[in-house]
Peer 1: 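Sharing a structure here in structure tokens format.
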Amino acid sequence: MAVVKIDVLALRGFIAKYKASFGHTRLGDYNEIYKWKAVKCFQDNWDIEAPDFHAMLRAALAQTRNLLANANNFPKGMLEDFAKIRPEEVREMFRNLFDESIGVQTRAKRFAERAAELRTLNPVWKQDYQTPNAISTYLWLRYPDKYYIYKYSVIKDNAQKLCGMDMPTGKLDRMVFGFDLYDAICAELAKDAELVKMSQDSLS
């Protein structure tokens with residue numbers, strides 16, 4: 001991971017606005033608490049050695065909601081279809097994706113390539129939907145203290161507002177840049193004792 005320099009003063013301004021709307025975003029209409037529930041569900045159910053890998057995967061991803069399924073984008077459903085007909089191959093895809101001894105960009109690339117190959121098994125399947133957004137979500141579910149959900153529009157906006165720079169060009173380059181950017185933001189958030197307490201107090 002590379003070090004990304006951010007405009008700390010600008011970030012503190014955004015943090016102040018976030019704290020002012022915390023109740024609304026964490027527990028109110030946006031209900032961001034479901035992301036914590038999605039992680040807990042995954043952590044409670046994930047077992048790479050499960051005899052019935054397809055059933056285990058469905059249980060592990062059961063509470064991801066719009067993180068892995070939204071309008072015209074169905075990574076969770078497609079992944080479960082893959083696991084239904086080729087469970088051992090999908091098991092190996094995740095074994096490799098979660099292998100921290102290998103660089104994250106290499107792992108993500110291999111995962112995407114294998115998903116593209118599995119898609120060709122059924123002519124009805126027009127897309128595999130295993131984008132950097134979906135792959136980052138799997139990484140985040142498995143290692144929530146290390147990875148983040150990558151979304152191009154959000155990273156682009158943050159890069160412009162906090163770094164005054166454009167995104168890299170490659171899709172996976174952008175994902176890794178997003179992880180680096182969020183690492184820099186996270187380091188500053190951790191210094192805000194009030195925000196940390198607000199976050200901790202909102203969780204059961």
Side-chain angles (χ1 to χ4, degrees), residues 1-12 14-15 18 32 35 38-39 42 46 48 57 60-61 64-79 82 89-120 125-190:
M1 297 287 184
V3 176
V4 175
K5 293 184 178 180
I6 60 175
D7 184 336
V8 176
L9 290 178
L11 176 60
R12 288 174 182 168
F14 293 125
I15 292 174
Y18 177 70
E32 295 297 297
K35 294 176 181 175
V39 168
F42 185 89
W46 181 254
I48 193 67
L57 183 66
L61 300 178
T64 52
R65 293 170 52 176
N66 69 334
L67 298 175
L68 291 171
N70 49 59
N72 302 314
N73 186 40
F74 314 102
K76 173 178 173 286
M78 186 56 66
L79 191 66
F82 291 160
E89 293 181 34
V90 178
R91 187 197 306 271
E92 194 61 22
M93 286 168 63
F94 275 101
R95 195 186 303 278
N96 292 332
L97 182 64
F98 294 157
D99 183 353
E100 289 289 284
S101 69
I102 303 171
V104 66
Q105 189 162 345
T106 298
R107 288 181 274 147
K109 184 174 183 289
R110 289 177 181 172
F111 190 96
E113 289 173 345
R114 190 64 193 121
E117 293 171 1
L118 290 174
R119 183 198 62 78
T120 64
W125 294 338
K126 303 302 181 184
Q127 296 185 51
D128 59 67
Y129 301 106
Q130 305 308 310
T131 64
N133 170 256
I135 294 170
S136 72
T137 302
Y138 306 141
L139 288 166
W140 166 77
L141 288 166
R142 180 66 180 88
Y143 303 113
D145 292 329
K146 182 172 183 178
Y147 295 107
Y148 311 87
I149 298 173
Y150 164 81
K151 188 174 181 181
Y152 171 75
S153 60
V154 177
I155 296 295
K156 181 180 180 181
D157 191 43
N158 276 281
Q160 291 173 341
K161 291 180 177 177
L162 297 178
C163 306
M165 61 186 294
D166 294 325
M167 297 273 284
T169 54
K171 291 182 179 180
L172 291 176
D173 291 326
R174 291 171 180 167
M175 183 188 76
V176 174
F177 169 79
F179 291 163
D180 293 338
L181 175 58
Y182 282 162
D183 276 345
I185 292 172
C186 191
E188 290 301 319
L189 295 178

Peer 1: I'd like to know whether the aromatic ring centres of Trp140 and Phe42 sit less than 6.0 Å apart in this structure.
Peer 2: no
Peer 1: Hey, are the side chains of Ile15 and Leu189 touching, using non-hydrogen atoms and a 4.5 Å cut-off?
Peer 2: yes
Peer 1: Considering non-hydrogen atoms only, spot the tightest contact between Phe177 and Met165 and give its length.
Peer 2: CE1-CE, 3.9 Å
Peer 1: For the atom pair CG (Asp166) and NZ (Lys156), what is the distance rounded to the nearest 0.5 Å?
Peer 2: 7.5 Å
Peer 1: Could you tell me whether the side chain of Tyr143 and the main chain of Phe98 form a donor-acceptor pair under 3.5 Å?
Peer 2: yes
Peer 1: Considering non-hydrogen atoms only, spot the tightest contact between Cys163 and Leu181 and give its length.
Peer 2: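 The pair with the smallest heavy-atom distance is SG-CD1, 3.6 Å.
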Peer 1: Compare every heavy atom of Ala134 with every heavy atom of Pro75, then report the nearest pair and how far apart it is.
Peer 2: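 Looks like CB-CB, 3.7 Å.
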Peer 1: Could you please spell out the steps behind the side chain to side chain contact (heavy atoms under 4.5 Å, CB included) verdict for Leu68 and Leu79?
Peer 2: CA-CA 10 Å; Leu68 291 171; Leu79 191 66; over 6 Å; no
Peer 1: What are the two closest heavy atoms between Leu172 and Pro132, and how far apart are they?
Peer 2: CD2-CG, 4.0 Å
Peer 1: Where the side chain of Arg91 meets the backbone of Ile48, is there a donor-acceptor pair that is under 3.5 Å apart?
Peer 2: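 Checked: pair present.
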Peer 1: Below 30° counts as parallel, above 60° as perpendicular, anything between as tilted: where do the rings of Phe111 and Tyr138 land?
Peer 2: tilted
Peer 1: Evaluate the side-chain proximity of Phe94 to Leu57: yes if any heavy-atom separation is below 4.5 Å, no if none is.
Peer 2: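 Side-chain contact under 4.5 Å: yes.
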Peer 1: Using 0.5 Å steps for rounding, measure from the CZ atom of Phe74 to the CD atom of Gln127.
Peer 2: 9.5 Å
Peer 1: Take Leu97 and Arg142 through the side chain to side chain contact (heavy atoms under 4.5 Å, CB included) test and state the conclusion after the steps.
Peer 2: CA-CA 10 Å; Leu97 182 64; Arg142 180 66 180 88; over 6 Å; no
Peer 1: Out of the candidates Arg174, Gln160, Met167, only one should pair with Ile155 under the side chain to side chain contact (heavy atoms under 4.5 Å, CB included) rule; please name it.
Peer 2: Met167
Peer 1: Shortest non-hydrogen contact from Ile149 to Leu67?
Peer 2: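 The pair with the smallest heavy-atom distance is CD1-CD2, 3.8 Å.
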Peer 1: Show your working on side chain to side chain contact (heavy atoms under 4.5 Å, CB included) between Met78 and Gln130 and close with a plain yes or no.
Peer 2: CA-CA 8 Å; Met78 186 56 66; Gln130 305 308 310; 4.2 Å; yes
Peer 1: When you measure from the side chain of Asn158 to the backbone N and O of Val154, does any donor-acceptor pair fall under 3.5 Å?
Peer 2: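 Between the backbone of Val154 and the side chain of Asn158 there is a qualifying donor-acceptor contact (under 3.5 Å).
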Peer 1: On a heavy-atom basis, which atom in Asn96 and which in Arg107 lie closest, and how many Å separate them?
Peer 2: O-CD, 3.2 Å
Peer 1: Working to the nearest 0.5 Å, report the span between CG of Asp180 and OH of Tyr148.
Peer 2: 9.0 Å
Peer 1: How many angstroms lie between OH in Tyr129 and NZ in Lys76, if you round to the nearest 0.5 Å?
Peer 2: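 Reported value, rounded in 0.5 Å steps: 14.5 Å.
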Peer 1: Pair Leu11, Ile185 - check side chain to side chain contact (heavy atoms under 4.5 Å, CB included), show working.
Peer 2: CA-CA 8 Å; Leu11 176 60; Ile185 292 172; 4.1 Å; yes
Peer 1: Output the distance between atom NZ (Lys35) and atom CZ (Arg65), rounded to the nearest 0.5 Å.
Peer 2: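 Result: 10.0 Å between the selected atoms.
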Peer 1: Yes or no on salt bridge (Lys or Arg N to Asp or Glu O under 4.0 Å) for Arg114 and Glu92, after CA distance, side-chain angles and deciding distance?
Peer 2: CA-CA 10 Å; Arg114 190 64 193 121; Glu92 194 61 22; over 6 Å; no
Peer 1: For residues Tyr150 and Phe179, establish whether the separation of their ring centroids is below 6.0 Å.
Peer 2: no
Peer 1: A side-chain contact here means heavy atoms from C-beta on lying under 4.5 Å apart; do Glu188 and Arg12 qualify?
Peer 2: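 Yes - at least one pair of side-chain heavy atoms lies under 4.5 Å apart.
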Peer 1: Would you call Lys146 and Glu100 a side-chain contact if the rule is heavy atoms closer than 4.5 Å?
Peer 2: yes
Peer 1: How long is the straight-line distance from CG of Leu162 back to CZ of Phe14, given to the nearest 0.5 Å?
Peer 2: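 That separation rounds to 6.0 Å.
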